[in-house]
Number of protein chains: 2
Amino acid sequence: MGTTQLQTVPESKYWHLRTVLAEALDSDFAVGEVLPNERELAARFGVARATLRQALEQLELEGRLQRRRGVGTTVAPPRVGVAVSTPRDEWPGADEEAWQPLDHGTAAAPAAVARLLETGEGEEVHTVRRIRITNGQSVAAELIYVPSSSVPELSAIEAPSGPARARAVLRELQRLALDAPERAVELGSARAEDAKELDRLPGAPVLVVTTRYVVAGRTAAVSVATYRADTCRLTFGDSGDLEISEAPEETRQAS
Amino acid sequence: MGTTQLQTVPESKYWHLRTVLAEALDSDFAVGEVLPNERELAARFGVARATLRQALEQLELEGRLQRRRGVGTTVAPPRVGVAVSTPRDEWPGADEEAWQPLDHGTAAAPAAVARLLETGEGEEVHTVRRIRITNGQSVAAELIYVPSSSVPELSAIEAPSGPARARAVLRELQRLALDAPERAVELGSARAEDAKELDRLPGAPVLVVTTRYVVAGRTAAVSVATYRADTCRLTFGDSGDLEISEAPEETRQAS
DNA sequence: GAGTGGTCTAGACCACACG
DNA sequence: GTGTGGTCTAGACCACTCA
């Protein structure tokens with residue numbers, strides 16, 4: 001009684017808290033600003049820390065907050081748009097885009113990948129790992145699966161292991177003039193390996209982009225790229241910037 | 001001491017639990033099968049219920065589990081591939097695709113949308129809500145923003161409110177031969193309104209697809225579609241089925 | 001009404017970053 | 001060392017589904 005109760009369904013505490021915090025972020029905080037610590041925020045709102053954390057998790061999922069252990073919680077900058085598919089479906093160039101080869105190896109393709117490659121389930125394929133850097137930040141870790149049959153000349157290449165050899169494999173692929181007719185995007189959680197590259201904890205939400213590369217009607221490679229879901233907005237098509245462009249000023253975040 | 005400790009970094013309890021459960025799902029459970037309840041699972045693994053739940057949340061995020069309050073936790077079927085962008089970029093037909101109009105109204109476009117529409121910030125635009133059904137299940141809720149200038153003939157249309165009028169607006173849009181040069185995908189959480197349509201709780205993870213529709217170089221409409229991240233894999237390009245196709249049998253899930 | 005998952009509490013300790 | 005977020009516990013109660 002007396003309280004203005006308009007909602008028929010009283011929303012849960014953490015959800016309401018999320019809304020309150022979101023509004024506070026809009027009005028009272030600048031990008032990069034550090035929030036009070038969780039214990040203080042919880043006390044301030046009169047909830048248990050776990051409840052507050054549930055609200056913060058939501059906001060982090062939405063890309064509004066960034067939390068780092070040992071450091072604190074800061075207001076996240078708007079998500080960066082990363083072009084995943086351009087109209088000219090060229091193989092993403094080694095240097096035009098900020099892809100950085102890590103290493104090369106061979107492994108049995110996972111079942112899902114083997115199906116796309118139309119190879120035997122346990123067949124050994126080449127793998128190339130690389131990461132994508134945007135604005136000085138790792139935004140994606142990619143694993144490319146390449147059947148030996150796609151790069152027969154590779155065996156003739158002598159190169160040390162590591163980045164150099166990875167680069168050699170990528171060069172071979174580029175010569176093939178690959179087409180990327182199909183891509184799929186789904187939600188996943190970062191495996192420990194990817195999490196390390198992306199500077200996140202294992203289990204962090206990621207957008208998994210699976211691409212089938214085709215040459216002359218045959219699947220020549222499959223790549224599985226995991227993008228940080230908190231910081232990335234994947235763009236497809238034309239210019240690649242369906243830009244939620246900020247006003248001209250204010251590109252820089254508070255130090 | 002004495003315990004076989006091979007890992008340099010001991011993984012957290014819930015992450016390890018996630019792995020154990022994932023393996024159990026692969027080997028001992030069929031799609032649709034109901035897991036023991038959370039209290040029993042927690043007891044069985046000797047952890048607190050909250051810890052077990054953290055592991056289940058991960059698996060749900062990855063689309064491996066489905067949890068429903070009052071019912072239980074079941075093994076999820078593989079994600080369905082939903083075609084978001086086809087090579088022929090036609091306006092998604094009213095009936096070829098399973099889009100079902102809900103209602104129509106007018107509202108001030110949110111700032112981000114207004115920017116794409118190149119209209120004034122607070123300007124009133126038409127809105128159409130519709131949901132997408134695949135295999136008898138709601139997979140997406142969409143809100144389309146249409147400036148009045150894009151559908152001038154609309155004022156002449158007399159139609160009752162609700163689905164009928166929504167359909168009328170969509171028909172007008174179809175006549176325009178819209179092109180969709182740009183799309184963006186990002187992670188979000190379901191607002192209460194969408195959550196209801198999608199049969200999920202507020203805050204459930206969703207993939208937000210923002211599309212700019214263009215006719216004659218001018219932005220004629222913007223749609224924001226939220227897809228259930230747990231059940232959907234978004235496909236772009238060619239056939240629309242970068243199908244992680246199951247073996248021919250076993251399309252049906254256990255009742 | 002019985003049983004399920006969802007929310008919430010009030011603690012404790014751990015892992016990490018930084019001065 | 002100090003302060004941060006991350007993990008974990010052992011409870012309690014609530015909201016929902018279904019027989």
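Within every chain, numbering begins at 1; the chains are lettered A, B, ... in the order of the sequence lines, protein sequences first and strands thereafter.
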Next item on the list: Take A:Gln58 and B:Ser189, measure what side chain to side chain donor-acceptor pair (under 3.5 Å) needs, and give me the verdict at the end.
Entry: CA-CA 7 Å; A:Gln58 284 292 330; B:Ser189 52; 3.3 Å; yes
Notebook entry, point to check: Please give, in whole Å, the distance from D:dG6 C1' to B:Tyr14 OH?
Noted result: 8 Å
Next item on the list: Establish, from distance only, whether the side-chain atoms of B:Glu197 and B:Ser138 form a donor-acceptor pair under 3.5 Å.
Entry: no
Checklist line | Atom pair distance, as rounded to whole Å: CZ in B:Arg18 and P in D:dT7 | finding: 13 Å
Checklist line | Identified side chain to side chain contact (heavy atoms under 4.5 Å, CB included) partner of B:Leu52 from the options B:Glu38, B:Arg44, B:Lys13, B:Glu40 | finding: B:Glu38
Next item on the list: Would you indicate what B:Arg68 reaches in the nucleic acid, counting non-hydrogen atoms under 4.0 angstrom: base, sugar-phosphate, or nothing?
Entry: sugar-phosphate
Notebook entry, point to check: Do you know the tightest heavy-atom contact between A:Arg191 and A:Asp194?
Noted result: NH2-OD2, 2.8 Å
Notebook entry, point to check: Nearest to the side chain of B:Arg49, which nucleotide is it out of D:dA10, C:dG5, D:dG5?
Noted result: C:dG5
Next item on the list: Select one nucleotide: of C:dG5, D:dC18, D:dC8, the one nearest the side-chain heavy atoms of B:Thr73.
Entry: C:dG5
Next item on the list: Map A:Arg67 and A:Gly70 onto DNA chain D by nearest heavy atom, then report which one ends up closer to the 5' terminus.
Entry: A:Gly70
Note to self: Just the rounded figure in Å: distance from C1' of D:dC8 to CG of B:Leu52.
What the structure shows: 13 Å
Next item on the list: Using a heavy-atom cut-off of under 4.0 Å over every strand shown, decide if A:Arg39 touches base, sugar-phosphate, or nothing.
Entry: base
Next item on the list: Report the residue (A:Asp199 or B:Gly72) whose heavy-atom-nearest nucleotide on DNA chain C is the more 5′ of the two.
Entry: B:Gly72
Notebook entry, point to check: Given atom CG of B:Leu17 and atom P of D:dT7, what is their separation to the nearest angstrom?
Noted result: 13 Å
Checklist line | B:Thr51 vs D:dT7: side-chain N/O to OP1/OP2 distance below 4.0 Å | finding: no
Next item on the list: List the atom of A:Phe29, the atom of A:Glu33, and the distance in Å for their closest heavy-atom pair.
Entry: CA-OE1, 3.3 Å
Item checked: Residue whose nearest DNA chain C nucleotide is more 5′ - B:Leu201 or A:Ala50 -> B:Leu201
Next item on the list: Report the nucleotide, chosen from D:dG5, C:dC8, D:dT9, that has the shortest atom-to-atom distance to any side-chain atom of B:Val47.
Entry: D:dT9
Check: Looking for any heavy atom pair under 4.0 Å, which part of the strands does A:Leu56 touch: base, sugar-phosphate only, or nothing?
Finding: nothing
Check: For the pair made of CD in B:Gln58 and P in D:dC8, what is the distance, rounded to whole Å?
Finding: 12 Å
Next item on the list: Kindly assign one of parallel, tilted or perpendicular to the pair A:Trp99 and A:Tyr227, based on the angle between their ring planes and the thresholds 30° and 60°.
Entry: perpendicular
Margin query: Tell me the interatomic distance from A:Glu57, atom CD, to C:dT7, atom P, rounded to whole angstroms.
Written below: 11 Å
Item checked: Per A:Val71 side chain, nearest of listed nucleotides C:dG5, D:dG5, C:dC18 -> C:dC18
Notebook entry, point to check: Which nucleotide in the list D:dG6, C:dG5, D:dC8 gets nearest to the side chain of B:Lys13?
Noted result: D:dC8
Check: Over how many whole Å does the gap from B:Gln66 atom CD to C:dG6 atom C1' extend?
Finding: 16 Å
Note to self: If you only use heavy atoms from C-beta on, which nucleotide in D:dT7, C:dA15, C:dG6 is closest to the side chain of A:Arg69?
What the structure shows: C:dA15
Notebook entry, point to check: Over how many whole Å does the gap from A:Trp15 atom CH2 to D:dC14 atom C1' extend?
Noted result: 19 Å
Notebook entry, point to check: Choosing from C:dT9, C:dC8, D:dA10, which nucleotide comes nearest the side chain of B:Ala48?
Noted result: D:dA10
Next item on the list: For the side chain of A:Asn37, starting at C-beta, report the closest nucleotide among D:dT4, C:dT7, D:dG6.
Entry: D:dT4
